[in-house]
J.: 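Here it is: the structure, laid out below.
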Amino acid sequence: MDHFDQFSRPEEYISPLDKPLRAVIRNWAETEVMPVRRKFDEDWKDHTLIEPAFDKLMGQLGLQKSMFPEECGGWGLARSDSLFRIAYALCEEMGRADTGMAVACGVTFWPLLTILVEPYVNMKLAEEFAPLFCNTKEAVFAANAMTEPQGGSDIENLGLLKGKTIKTTARLDGEEWVINGHKIWPSNSGGVSKLFGVPCTTKPGSGDPDVFAFIFVPADMKGVTQGGPYEKAGMSGDKNGDVWFEEVRVPKRYRAHGPGLDAKAFYQLISFGQVASIGFLTGAMLNLYEKLYEFVSSRTYRNRLLKEDDAIAAVIGRIAGDIDICRILGHEAAMMGDRRNKPYGEPITSEAVVGKIRNIKDFVSDRAVENFGKAMDVMGVYGTDRNWDIEKHWRDIKIIQLWMGGKQLCQMESARYFFNCTTL
Ligand SMILES: Cc1cc2nc3c(=O)[nH]c(=O)nc-3n(C[C@H](O)[C@H](O)[C@H](O)COP(=O)(O)OP(=O)(O)OC[C@H]3O[C@@H](n4cnc5c(N)ncnc54)[C@H](O)[C@@H]3O)c2cc1C
């Protein structure tokens, strides 16, 4: 047990798979990522350092197979009763090392969950896409292309807007879907992804759940164009860019489920993405604690260790307290996901679960942004010194606070649930 493992977790929530999976990811993070992560920001375009670390984790250790059923060559994790808690643990371990790599890896599972998690399973598509991920030792990525130029938050706000603002269209022509549209920002775009999950509409402007379609599009189909990666404040392990779909034809069977069910299967991705985001954030905060511990235990002020100074102790005590609370909340959010479909549990697509999980993500994001700032106050210029890795996490985690609809959507979803708002 490492000393940062002492932060609280509701022990009764922990899955038996937690320990062995964390051990594998921690070992990978400490040997393949943490020693070189300081150079990732210069590697944002080429991924010469980043790619071998992905190959090791996703291809050689096989994490990219993990969600597929055993009979398709996978590990069957999408069938686990602890799916959200296992994902949370993996995201935390990866986030401790590099939240950019963590999101690129996590998002590879994201679109696939629409066809792998009960009750929305499509075994034919699982069998069809599994070899792409399971029969190779190289990292293979997928992307969930939701955001469009006119606004990503509205597309994620399925509870209120029900997909009315989606402009990417799908037209059925015989045995093929013909897709047209422009997506921006998906993780693993920028030329990385081999497979896109594309939320689109068969009737633009309609809020009927039946016209919402989630269609898989292999990246090498005619009419798919990916732009180069954007240069961001951080998170260089993840590439984001433009994706254009122009008269792209895919087989009819590439629609995840069909009218009505696609909207439900897609909506569960929102909570999944938020739980993963909380894992990235608590992981980065565990590493913050490690670095801060080292700093205040080695630097002195008036010949006394910094941590023994009242003013410093008040700040670092609050930071550690916040990490402790955030980690409990993260496990609670994951458990809400795992209680789906169970007696007394709420469906994952209910306003209650979507609103409450978004609320926890917003809360933990704020604590993370505040605490990296406070740690920099304590560390002074060393907080901005790349040698300490704090400023790297600080730039990376700010992005987590802003993605998936931003702060406002989190607040709207929470207000809608707790105050029964009808127009937000
Ligand atoms: C590293 C990274 C990874 C990403 N990964 C993905 C991905 O995998 N897939 C994907 O599709 N997208 C991805 N995104 C895009 C991201 O999810 C969107 O940027 C985000 O959802 C916000 O959408 P937008 O930028 O279009 O802003 P808009 O939706 O245009 O919102 C603009 C502003 O309005 C605010 N706003 C939104 N709704 C309301 C409201 N109801 N009331 C008041 N204010 C509101 C927003 O908070 C924001 O501040 C990623 C972005 C980054 C940076």
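Numbering of ligands and ligand atoms starts at 1, following listing order. Values in this document were obtained by computation on a predicted structure and should not be read as measured data. Heads up: numbering here begins at 1 and tracks the sequence. Just so it is clear, the values below take in all heavy atoms, side chains as well, and ignore hydrogens, waters and symmetry mates.
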J.: Distance under 6.0 Å and angle within 45° of the ring axis: does Arg367 meet both against Phe363?
T.: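 Ring-cation test returns yes.
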
J.: Determine whether the side chains of Asn287 and His393 contain a donor N or O and an acceptor N or O closer than 3.5 Å.
T.: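 Distance-only check passes for Asn287 and His393.
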
J.: After noting the C-alpha distance and the side-chain angles of Phe295 and Trp388, does the key distance pass the ring pair (Phe, Tyr, Trp, His ring centres under 6.0 Å) rule?
T.: CA-CA 9 Å; Phe295 189 85; Trp388 283 88; 5.3 Å; yes

J.: Run the numbers for me: atoms of ligand 1, each under 4.0 Å from some heavy atom of Gln408, listed by number.
T.: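 With Gln408 as reference, the close atoms of ligand 1 come out as 35 (C), 36 (N), 39 (C), 43 (C), 44 (N), 45 (C), 46 (C), 47 (O), 49 (O).
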
J.: Of the listed options (Ser187, Gly151, Ala104), which comes nearest to atom 30 (O) of ligand 1 when hydrogens are ignored and any heavy atom counts?
T.: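 Among Ser187, Gly151, Ala104, the closest heavy atom to atom 30 (O) of ligand 1 comes from Gly151.
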
J.: Within the structure, does at least one protein heavy atom fall under 4.0 Å of atom 34 (O) of ligand 1?
T.: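 So atom 34 (O) of ligand 1 lacks protein heavy-atom neighbours under 4.0 Å.
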
J.: Within ligand 1, which atoms have a heavy atom of Met404 less than 4.0 Å away?
T.: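 Once the distances to Met404 are compared, the set is 16 (C), 17 (O), 20 (C), 21 (O).
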
J.: At a 4.0 Å threshold, what atoms of ligand 1 neighbour a non-hydrogen atom of Asn144?
T.: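 Contacts of ligand 1 toward Asn144, numbered from 1: 7 (C), 8 (O), 9 (N), 10 (C), 11 (O).
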
J.: Check the side chains of Asn180 and Thr169 for a donor-acceptor pair under 3.5 angstrom, ignoring hydrogens and angles.
T.: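 Thr169 vs Asn180: no donor-acceptor pair found between side chains.
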
J.: Please report the C-alpha distance between Phe129 and Phe216 in whole Å, then the side-chain angles of each, then the deciding distance to 0.1 Å, and finally whether the ring pair (Phe, Tyr, Trp, His ring centres under 6.0 Å) criterion is met.
T.: CA-CA 10 Å; Phe129 296 136; Phe216 287 91; 5.2 Å; yes

J.: Within ligand 1, which atoms have a heavy atom of Pro186 less than 4.0 Å away?
T.: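 Matching atoms, with element in brackets: 6 (C), 7 (C), 8 (O), 9 (N), 10 (C).
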
J.: Which protein non-hydrogen atom lies closest to atom 13 (C) of ligand 1, naming both residue and atom, and how far is it?
T.: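 Protein heavy atom with the smallest distance to atom 13 (C) of ligand 1: Trp185 O, 3.4 Å.
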
J.: Which of the numbered atoms in ligand 1 are under 4.0 angstrom from any heavy atom belonging to Asp238?
T.: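 Those of ligand 1 that fall under 4.0 Å from Asp238 are 1 (C), 3 (C).
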
J.: Do Asn188 and Lys239 have side-chain atoms, one donor and one acceptor, less than 3.5 Å apart?
T.: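 Asn188 vs Lys239: no donor-acceptor pair found between side chains.
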
J.: Asn240 heavy atoms, cut-off 4.0 Å: which ligand 1 atoms fall inside?
T.: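 Those qualifying, in numeric order: 1 (C), 2 (C), 3 (C), 4 (C).
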
J.: Measuring from atom 16 (C) of ligand 1, which candidate in Thr147, Val107, Leu160 has the nearest non-hydrogen atom?
T.: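 Result: the heavy atom closest to atom 16 (C) of ligand 1 is in Thr147.
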
J.: Show me which atoms of ligand 1 lie under 4.0 Å from any heavy atom of Ser153.
T.: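 Matching atoms, with element in brackets: 22 (C), 23 (O), 28 (P), 29 (O), 31 (O), 37 (C), 38 (N), 46 (C).
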
J.: Determine, considering heavy atoms only, which of Met146, Met412, Lys232, Gln150 sits nearest to atom 40 (C) of ligand 1.
T.: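 When every heavy atom of Met146, Met412, Lys232, Gln150 is considered, Met412 comes closest to atom 40 (C) of ligand 1.
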
J.: Centroid-to-centroid, Tyr230 to Trp44, below 6.0 Å?
T.: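 Centroid separation for Tyr230 and Trp44: 6.0 Å or greater.
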
J.: Could you list the atoms of ligand 1 found under 4.0 angstrom from a heavy atom of Trp110?
T.: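 The list of qualifying atoms is 8 (O).
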
J.: Let me see the working for Lys356 and Glu346 under salt bridge (charged side-chain N to carboxylate O under 4.0 Å, His left out), right down to the final yes or no.
T.: CA-CA 11 Å; Lys356 286 182 179 182; Glu346 291 266 8; over 6 Å; no

J.: Given Phe54, which partner from the list Trp28, Phe40, Phe141 fulfils the ring-ring contact (aromatic ring centres under 6.0 Å, His included) test?
T.: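 Output: one option passes, namely Phe141.
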
J.: May I ask you to check whether Tyr289 and His3 place their ring centres under 6.0 Å from each other?
T.: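 When the ring centroids of His3 and Tyr289 are compared, they turn out to be within the sub-6.0 Å range.
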
J.: Does Ile399 have a heavy atom less than 4.0 Å from any atom of ligand 1?
T.: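 Right, Ile399 reaches ligand 1.
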
J.: Does the protein place a non-hydrogen atom closer than 4.0 angstrom to atom 25 (O) of ligand 1?
T.: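 Within 4.0 Å of atom 25 (O) of ligand 1, no protein heavy atoms are found.
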
J.: Measuring from atom 21 (O) of ligand 1, which candidate in Gly197, Gly152, Gly405 has the nearest non-hydrogen atom?
T.: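 Residue with the shortest heavy-atom distance to the ligand atom: Gly405.
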
